[in-house]
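Please read through the structure below; I'll follow up with questions.
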Amino acid sequence: MQCTVSHSKMSAFADGELDALASQELRQHLAHCPDCAKAFEQLLDLRAAVSRHGLRHTAPAALQQRLRQALQEEGKAAKEVPQRRKWAQLPWAWINFGVAGISTAAFAVTLTLYLSVPSEAERLDQEIVASHFRSLLPDRLADVASSDQHTVKPWFSGKLDFSPPVVDLAQAGFPLVGGRLDYIRQRPVAALAYRRHQHVLNLYVWPEQAKGDAPPRLSVKQGYHLIRWSRSGMEYRLISDLNVPELMDFERRFAAQIDQDALP
Amino acid sequence: MALPHLDSAYNLARWLTRNDQDAQDLVQTAFLRAYRFMDGYHGDGDGARAWLLTIVRNTYYTSLRDSRPQHDDIGFDEEMHGHDGDGCGMAPEDILARSDVRQAINRGLEALPQPFREVLVLKELDDLSYKEIADIVGIPIGTVMSRLARGRKLLLLYLKQHTDEK
């Protein structure tokens with residue numbers, strides 16, 4: 001080993017930080033080089049002297065006191081600060097995004113609910129369909145089973161606060177089956193049952209003064225054809241599984257017959 | 001409330017700043033910083049001392065950088081690898097036996113450039129391992145080794161000169 005290498009390594013050797021192989025080599029060199037051995041001895045002396053005489057400054061009591069106070073205040077502050085920090089550290093961008101998302105979703109739900117709520121006319125149509133369907137159950141079609149309009153019409157007297165027009169259209173192929181009371185839109189109404197071949201027609205009639213005359217309009221509910229019209233302060237709903245042209249024919253003949261009956 | 005390693009921290013601070021008031025301020029700043037980052041530290045007692053000393057040292061150099069231009073920068077480590085011609089034949093002087101040795105040693109330590117002083121203080125006065133010193137100072141173990149060797153050589157030279165004069 002060169003003396004230069006020896007010098008560069010003896011410090012670490014003195015500190016016991018040299019690896020085993022290098023330590024072994026250095027030990028051998030020191031054993032054969034009196035100068036290096038002397039230098040190493042000096043180094044050891046220096047280490048011992050510095051370690052012994054080097055000032056280990058001890059913290060003044062005042063610092064100890066000062067630190068305790070500072071750390072206590074820091075501790076208090078740390079207890080108070082986190083509450084504010086908790087708010088400050090919340091990921092506001094994501095929260096805003098989430099709130100916006102929830103608002104949008106809520107709006108969508110509201111809109112859907114609003115749109116899915118049936119309108120007045122739709123609810124009425126539903127009632128008509130339900131009533132028509134009920135009337136088709138056995139023995140429900142007519143309270144007064146008669147093909148004679150002069151039997152049916154007086155039957156309603158005293159049962160309704162209005163007098164429904166009842167016409168006989170047997171000659172046109174729509175024999176009257178009878179009449180019954182029904183309850184539509186929270187009021188009693190007249191229901192007239194007609195027949196066309198094997199099809200049953202139900203005609204609902206109630207007074208609706210507020211509305212003017214309205215031409216027949218067609219809608220389709222659950223496979224049934226529904227025709228509605230207003231005339232002379234009366235609301236009409238005609239429902240059947242009959243085809244539309246024949247239903248329109250019925251409506252025309254019905255209106256014509258009323259007009260004819262009204263003639264003096 | 002216990003303040004562990006306060007003396008070690010103060011000692012390093014005192015040797016770095018070379019005066020009591022700066023050392024006290026430095027220790028206080030370092031302890032507050034350590035307290036704040038306590039959550040981030042998971043280690044045993046001895047690791048805690050090295051960790052605290054790292055904070056003391058970092059705090060010192062941060063304040064140094066913030067307050068005034070760095071003047072203790074040195075390029076000794078590279079020179080260390082070349083030999084400076086002293087060879088094996090260093091004069092065998094019994095300088096360490098003298099009565100004023102304590103004063104001489106401490107003056108010598110204070111006279112050393114900062115990078116050598118801090119590794120010597122950490123090694124000789126705090127008896128930390130090369131690994132710990134490397135972590136604290138933030139340099140490789142090899143550099144710790146060469147700085148210690150170089151620092152000791154400088155200190156020895158200082159002592160030789162100052163005892164020669166007397």
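Protein chains get the first letters and strands the later ones, always in sequence-line order, with residue 1 at the start of each. Because the structure is predicted, anything quoted here is derived from the model rather than measured.
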### Query
Roughly how far, to the nearest 0.5 Å, is the CZ atom of A/R66 from the CD atom of B/Q28?
4.5 Å
#### Entry: Interatomic distance, A/D15 atom CG to B/L128 atom CG [nearest 0.5 angstrom]
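It is 11.5 Å, given to the nearest 0.5 Å.
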### Pairs of heavy atoms under 4.5 Å with chain A: top-ranked of B/L12, B/D25, B/D126
B/D25
### Query
chain A heavy atoms under 4.5 Å from B/L109: which part of the residue, side chain, backbone, both or neither?
side chain
### Residue pairs, two or more places apart or on separate chains, that pass ring pair (Phe, Tyr, Trp, His ring centres under 6.0 Å) and touch residues 55-74 of chain A
A/H57-B/W15
### Query
Rounded to the nearest 0.5 Å, how far apart are OG of A/S8 and CE of B/M145?
8.5 Å
### Query
Where is the tightest heavy-atom contact between B/Y130 and A/S11, given as atom of each residue plus distance?
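Heavy-atom minimum between the residues: OH-O, 3.7 Å.
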### Query
By side-chain contact (heavy atoms from CB on, under 4.5 Å), which residues pair with B/N19, not counting sequence neighbours?
B/Q21, B/D22
### Query
Backbone N or O of A/L46 within a donor-acceptor pair of the B/R152 side chain at under 3.5 Å?
no
### Query
Is it the backbone or the side chain of B/D20 that comes under 4.5 Å from a heavy atom of chain A, or both, or neither?
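Side chain only.
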### Query
Which value, rounded to the nearest 0.5 Å, describes the distance between A/R56 atom CZ and B/L125 atom CG?
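Spacing of CZ (A/R56) from CG (B/L125) equals 5.0 Å.
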### Summary
Tightest non-hydrogen contact, residues A/A49 and B/I105, listed as CB-CD1, 3.3 Å
### Task
May I ask you to check whether over 12 heavy atoms, not counting those of A/R140, lie within 6.0 Å of atom CZ?
no
### Message
Just so I understand: if I count every heavy-atom pair under 4.5 Å between each of A/K9, A/Q2, A/E17 and chain B, which residue has the most?
### Response
A/E17
#### Entry: Spacing of A/L71 atom CG and B/L32 atom CG [to the nearest 0.5 Å]
5.5 Å
### Task
First locate atom CG of A/L55, then atom CD of B/Q103, and finally report the distance between them rounded to the nearest 0.5 Å.
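Output value for this atom pair is 10.0 Å.
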### Task
With a 4.5 angstrom heavy-atom cut-off, could you sort out which part of B/S129 is near chain A: side chain, backbone, both or neither?
both
